[in-house]
Engineer: 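Below you'll find the structure I mean.
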Amino acid sequence: MQVTLPDGKVLELPDGATGADAAAAIGPGLAKAALAVKADGEVRDLARPLPEGAALEIVTDRSGQDALDLIRHDCAHVLAAAVMELYPGVKISIGPPIEHGFYYDFDFPDGVAISDADFAAIEAKMAEHIAADEGFDRDELTPAAAIDLFKGEDQDYKVELIEDLVAADPALDHVSLYTNGPFTDLCRGPHAPGTGRIGAFKIQSVAGAYWRGNADNQMLTRIYGTAFFKKKELEAHLELLEEARARDHRKLGRELDLFLFDECSPGMPFWQPNGMAVWNELTRLWRAENLQRGYREVKTPILFDVDLFKQSGHWDNYRDNMYFTDVEDRPMGLKPMNCPGHTRLYKSERRSYRDLPIRYSEQGLVHRHEPSGTLHGLMRVRHITQDDAHIFCTEEQIEAEVQAVLDFGFALYELFGFEPVLELSTRPEKRVGSDETWDRSEAALQSALEKAGLEYVVNPGDGAFYGPKIDLHMRDSLGRSWQLGTCQLDYSMPELFDLTYTGADNAEHRPVMIHRAMLGSFERFIGILIEHYGGDFPFWLTPVQALVMTISDRHEPAAASALAALQAAGIRAELDARTESVGRKIREAELRKVPYILVIGDREADEGTVSVRRHGGADEGAIAVAALVDRLSAEAVPTPTP
RNA sequence: GCCGCCGUAGCUCAGCUGGUAGAGCACUUCACUCGUAAUGAAGGGGUCAGCGGUUCGAGUCCGCUCGGCGGCUCCA
């Protein structure tokens, strides 16, 4: 038989040769280093016979993610082996590798709860199995035999998995099992030859997770861990996690006095003056960009008669997550979104096709009772300020409008150096509108994406109840993904609110609504910005841009006049005239991450200058106050982050 | 909402197996008037998240509630 190697060479092997045979045929070093093979893109065990004619690659510890996935999957099996020995009666479910590690989900016997305190014992037991370098042996059984096996061990979850495999493919003739040491698991594979290939591992956390990701099911205990080939790599990874935690916006928000949360209003941030400075700069940018792109700013109430939400469909879909109150016996609700309000503006006059598109933007304050367990700093709040907009247009205008929205988003993100991931979400099960309407609207969004040549992933069934959407996602410092912008196409709301316009044919037509947000919410966007910049905002966004400080009391008049000149030019400047040592005042300014520290002593006071020190830098020497004002004014303009 | 963990001064934390609260920073006052990351001294500040229970005695043990953290589900 023959296989082709990555360099194009053809390797001749005896019939029935395995991956291990191929590695050995190439060289003894590679035979030793081999973990698995990649045949026509599929990673397979070394011990399995190779498919004839395959394009073959030997997977070693240098093979990047493929290799890491392999040993992390191995490590998940080792974890399961250890847990089964330590906790008799535990039921196992699944244990895959994930982006930075692996997990395994267990159903522990009643009364057994796993916590951090148990990790050391689990790790010790795992280390024994790894030291023993137990082989991973593959077996194939008929589904019926495998079901019998797992039934005999009371492993209900495994039985269910096999039954589902059979239901999906009644002709299924075998399933594969892998055994390492005392542990046998239903598993598709592949695995490395033995547990000894796991160079370094760590159990990281424990969490609840629903069986099969369904909240109606049993909650299992998920144990997370990670593994690497070398101890140094593991340590470097853990160090990276530590550094990421230092950039957590909740920590920086407190340290830099940007915002805070208080028990008296869970999930609703209190903005401090520094945070408001960032908010206001962002608002200024948002307002200018909207104006330039043909949006007109509006403001609508936050409290509405609930009938409005019954009409919009939000009552049916989201009333459990809304806040209600009675006003003189009239039931009213805080708006969970701005669109119903904007439809009132649209309907306030008769509209002509000549008026369209109408683009309303609003810094819309909405309230959503997010479940307590989902709150997360500024990223997931109950009091949400959306940079919302609704575009009312004709069907012919959709594509150009969607295109313009995407352009808008990318122009904004470029300013911050963001590279968002695009997702197209299609019709959900719970929805309004006909299938024909959904066909048209999904096609319109897809076509806008394709024409713009943008890469995107499809999330089937993830659309809003009234229409499909394109979402733009960003990651936080710890790699968690958050939605920023969204562009949602909606044929339903115009129908439900009976919105019309008069066409060129003098007949009434139905407009289409596009819901869009670019920043997502001011809260979340600022949270992302804090982590993205690690608190070192670009100059135009910095809360306190310059701090003037005196060396002694007698310099205060000169400092006050420098401060006044900066403030007159719109620079956010403060004065530190305390009779503290210069060293202390510099230190505190550095910790506050103030970009410009301006020192005034005898020399500067005499000459009408200030000595400049940049954040994290050293004394740059004196500069005339007027020249400094010019320099900072020029810098205080939004410019793309490199 | 679900699973696990956590909640001590404004912040970061110590307080062993129950014996009536402590440090650093911050804050206040006084002295120092200082040249680029912490001047010194003194002082104030906590119903140990809240409520209930066990106990001679609870920050410490148990239960509930509230809030937070890590996940899961959800996210118009």
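Quick caveat, the model's predicted, so the values are computed rather than measured. Throughout, a chain's letter reflects where its sequence line sits, starting with A, and its residues are numbered from 1.
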Engineer: Using a cut-off of 4.0 Å on non-hydrogen atoms, how would the nucleic acid contact of A/Asp619 be classed: base, sugar-phosphate, or nothing?
Structural biologist: base

Engineer: Heavy atoms only, 4.0 Å cut-off, all strands: where does A/Asn321 land among base, sugar-phosphate and nothing?
Structural biologist: base

Engineer: Under 4.5 Å between any side-chain heavy atoms of A/Met493 and A/Gln488, yes or no?
Structural biologist: no

Engineer: Please report the distance, rounded to the nearest Å, between CD1 in A/Ile114 and P in B/rC3.
Structural biologist: 16 Å

Engineer: Would A/Phe106 and A/Tyr104 count as a close aromatic pair, with their ring centres under 6.0 Å?
Structural biologist: yes

Engineer: Is the A/Phe418 ring parallel, tilted or perpendicular to the A/Tyr413 ring (thresholds 30°, 60°)?
Structural biologist: tilted

Engineer: Hey, what's the ring geometry for A/His369 with A/Tyr323, parallel, tilted or perpendicular (30° and 60° as the breaks)?
Structural biologist: parallel

Engineer: In the structure I gave you, are the side-chain heavy atoms of A/Asp435 and A/Arg427 within less than 4.5 Å of one another anywhere?
Structural biologist: yes

Engineer: Heavy atom of residues 339-347 of chain A under 4.0 Å from RNA chain B: which residues?
Structural biologist: none

Engineer: Please state how far atom CG in A/Asp262 lies from atom C1' in B/rC11, giving the value in whole angstrom units.
Structural biologist: 15 Å

Engineer: Considering only heavy atoms and no angle criterion, is a donor-acceptor pair shorter than 3.5 Å present between the side chain of A/Arg380 and the base of B/rC74?
Structural biologist: yes

Engineer: Can a donor-acceptor pair be found between the side chains of A/Lys593 and A/Thr542 at a distance below 3.5 Å?
Structural biologist: no

